[in-house]
Amino acid sequence: MDKQSELDKRYIRMASIWAENSYCQRRKVGALIVKDKMIISDGYNGTPSGFENVCEDENNVTKPYVLHAEANAITKIARSNNSSDGATMYVTASPCIECAKLIIQAGIKRVVYSEHYRLEDGIELLKRAGIEVIFVTTDHE
């Protein structure tokens, strides 16, 4: 295994640990944005700041205002002095189409993920935008 593959596996494991911070019941997703071997942002799925930490309604349906891990990591960059231009995003689940649009606009050049989502339209959009998309399995699978 080459050095980049080892790093990818290490960062994706870190993203899966970060996902444990999510208080969502149906699915816990974590994301890290890495640039020059430094984690410059992180995120997990959950409600916006100031909202109650409940992601699902009484029917176990995800509330419409829940933010995805990718969106949380990207918006955190906007509030910092960092730039995601040219960075790699590590995310535990493949991005949906809405997050794919944010990833493209954020200038992220690589996306590494470890779990397939039922829809592939986000992955297809990333590839169409020329973003390198890599699926890796974690060692504990």
Side-chain angles (χ1 to χ4, degrees), residues 1-57 59-141:
M1 189 182 323
D2 66 22
K3 198 83 173 146
Q4 186 60 57
S5 297
E6 283 180 38
L7 275 175
D8 286 346
K9 281 190 178 271
R10 190 171 305 135
Y11 283 123
I12 207 74
R13 284 196 311 268
M14 291 168 73
S16 65
I17 289 167
W18 198 245
E20 294 172 16
N21 288 320
S22 173
Y23 32 81
C24 296
Q25 301 302 310
R26 291 182 61 217
R27 175 178 239 180
K28 296 178 185 297
V29 180
L32 298 176
I33 299 176
V34 176
K35 189 173 179 180
D36 302 322
K37 294 185 183 173
M38 287 187 340
I39 297 169
I40 60 169
S41 191
D42 53 61
Y44 50 86
N45 56 327
T47 56
S49 300
F51 282 67
E52 73 285 353
N53 293 339
V54 180
C55 296
E56 294 85 12
D57 64 18
N59 298 316
N60 201 31
V61 174
T62 301
K63 292 180 178 179
Y65 52 83
V66 168
L67 286 155
H68 288 186
E70 303 95 319
N72 266 327
I74 289 168
T75 54
K76 215 183 242 191
I77 288 275
R79 295 177 72 168
S80 75
N81 293 324
N82 285 316
S83 166
S84 52
D85 203 35
T88 297
M89 175 175 279
Y90 294 90
V91 61
T92 55
S94 63
C96 71
I97 193 137
E98 293 301 319
C99 288
K101 291 189 276 186
L102 293 175
I103 290 165
I104 293 164
Q105 291 300 93
I108 291 166
K109 293 298 173 215
R110 288 177 80 237
V111 174
V112 180
Y113 70 101
S114 61
E115 183 187 314
H116 292 289
Y117 182 59
R118 58 186 170 81
L119 300 174
E120 290 285 314
D121 53 356
I123 294 296
E124 294 308 314
L125 187 65
L126 292 172
K127 288 178 181 174
R128 187 172 157 200
I131 293 171
E132 185 182 1
V133 179
I134 299 156
F135 174 77
V136 297
T137 54
T138 53
D139 295 336
H140 60 266
E141 286 180 359

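Worth knowing before you read on, the calculation uses all heavy atoms, side chains too, and leaves out hydrogens, waters and symmetry mates. This structure is a prediction, so every number in the text was calculated from the model and none was measured.
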Decide yes or no for V54 and Q25: does some side-chain heavy atom of the first lie under 4.5 Å from some side-chain heavy atom of the second? no
Partners meeting side-chain hydrogen bond (donor to acceptor under 3.5 Å, both in side chains) with K101 (sequence neighbours left out): E98
Quick check: do L119 and C96 have side-chain heavy atoms less than 4.5 Å from each other? no
Atom OG of S41 and atom CE of M89: how far apart are they, to the nearest 0.5 Å? 7.5 Å
Kindly say whether N59 contributes a backbone atom to a donor-acceptor pair with the side chain of D57 at under 3.5 angstrom? yes
Tell me whether S114 contacts the main-chain N or O of T92 through its side chain, where contact means a donor paired with an acceptor under 3.5 Å. yes
I need the E115 CD to I12 CD1 distance, nearest 0.5 Å. 10.0 Å
Hey, what do you get for CD1 (I131) to CG (L125), rounding to the nearest 0.5 Å? 8.0 Å
Evaluate the side-chain proximity of T47 to Y23: yes if any heavy-atom separation is below 4.5 Å, no if none is. yes
What are the two closest heavy atoms between A100 and L126, and how far apart are they? O-CD2, 3.7 Å
So, Y44 and N72: side-chain donor and acceptor under 3.5 Å apart, yes or no? no
What are the two closest non-hydrogen atoms of G30 and A19, and how far apart are they? N-CB, 3.3 Å
With a 4.5 Å heavy-atom cut-off, do C24 and V66 have their side chains touching? yes
Quick one: pull up NZ in K37 and OH in Y11 and give me the separation to the nearest 0.5 Å. 7.5 Å
For E70 against P95, the heavy-atom pair lying closest together: OE2-CA, 3.2 Å
Heavy-atom pair with the smallest gap, counting every atom of V133 and I123: CG1-CD1, 3.7 Å
Do L32 and M14 make a side-chain contact, defined as non-hydrogen atoms from C-beta onward lying under 4.5 Å apart? yes
With distance as the sole test, does N45 use its side chain to make a donor-acceptor pair with the main-chain N or O of R27 at under 3.5 Å? yes
State whether the number of non-hydrogen atoms from other residues, nucleotides or ligands found under 6.0 Å of N81 atom CG is greater than 12. no
Testing the basics here: between S83 and K35, what is the closest heavy-atom pair and its distance to 0.1 Å? O-NZ, 3.1 Å
In terms of the angle between their ring planes, are F135 and H116 parallel, tilted or perpendicular, with boundaries placed at 30° and 60°? parallel
Using atom types as modelled and distance alone, determine if a side-chain donor or acceptor of K9 lies under 3.5 Å from a backbone N or O of T137. yes
Measuring from L7:CG to Y90:OH, what's the distance to the nearest 0.5 Å? 6.0 Å
Nearest-0.5 Å distance that lies between atom NZ in K76 and atom CD1 in I40: 12.0 Å
From the list D42, I103, I74, side chain to side chain contact (heavy atoms under 4.5 Å, CB included) partner of I33 resolves to I74
E132: which residues meet the side-chain hydrogen bond (donor to acceptor under 3.5 Å, both in side chains) condition with it, sequence neighbours left out? R110
Indicate the atoms forming the closest heavy-atom contact of W18 with A31, along with that distance. CD1-O, 4.2 Å
Should we count CD of Q105 as having more than 12 external heavy atoms under 6.0 Å? no
